[in-house]
Amino acid sequence: MKNNPFSNISFWLMISLTLGLAPFFPEPHIWGKLKWIAGGAVGMAPMDWFDTLLHGLPWVGLMVAVVMNATRKQAVKQ
């Protein structure tokens, strides 16, 4: 389990807070993309979807790492 890339939550947190939110001003980029998608994604080009994927992947990795570590700790308890 040592070579599992999702075993280090702090790595995924750092990547999410830097690359996942960049650029930070006037609002985090991923937040703007999510608002755009929630508003119907009118006018989104394929590049915008790819950009959303790239900025969203660190957040998905963080969620996977949290879930995997939580389930692993549950399995060890039992």
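Index from 1, following the sequence.
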>> If I compare all heavy atoms of P58 with all of S16, which pair ends up nearest, and what's the gap?
In response: O-OG, 2.9 Å
>> If you compare all heavy atoms of K33 against all heavy atoms of D51, which two are closest, and at what distance to 0.1 Å?
In response: CE-OD2, 3.1 Å
> Quick one: do M63 and L54 end up in the same hydrophobic cluster if we chain Ile, Leu, Val, Met, Phe, Trp and Tyr together by side-chain heavy atoms under 4.5 Å apart?
Replying inline: no
>> Can you confirm whether W31 sits close enough to L21 that some side-chain heavy atom of one is under 4.5 Å from a side-chain heavy atom of the other?
In response: no
> Measuring from L62:CG to L17:CG, what's the distance to the nearest 0.5 Å?
Replying inline: 8.0 Å
> How close do I37 and M44 get, heavy atom to heavy atom, and via which atoms?
Replying inline: CG1-SD, 3.6 Å
> Between CG of L19 and CG of L57, what distance do you get to the nearest 0.5 Å?
Replying inline: 11.0 Å
> Would you find a donor on one side and an acceptor on the other, under 3.5 Å apart, between the side chain of N69 and the backbone of A65?
Replying inline: yes
> With sequence neighbours excluded, what pairs up with W59 under the ring pair (Phe, Tyr, Trp, His ring centres under 6.0 Å) test?
Replying inline: none
> What is the minimum heavy-atom distance between W49 and A41, and which atoms define it?
Replying inline: CZ2-CB, 3.8 Å
> Do H29 side-chain atoms and F24 backbone N/O form a donor-acceptor pair below 3.5 Å?
Replying inline: no
> Which heavy atom of D48 sits nearest a heavy atom of W36, and at what distance?
Replying inline: OD2-CH2, 3.3 Å
> So how far is it from H55 NE2 to L34 CG, rounded to the nearest 0.5 Å?
Replying inline: 11.0 Å
> Cluster question for you: counting only ILVMFWY and a side-chain heavy-atom cut-off of under 4.5 Å, with indirect links fine, are V64 and L13 together?
Replying inline: yes
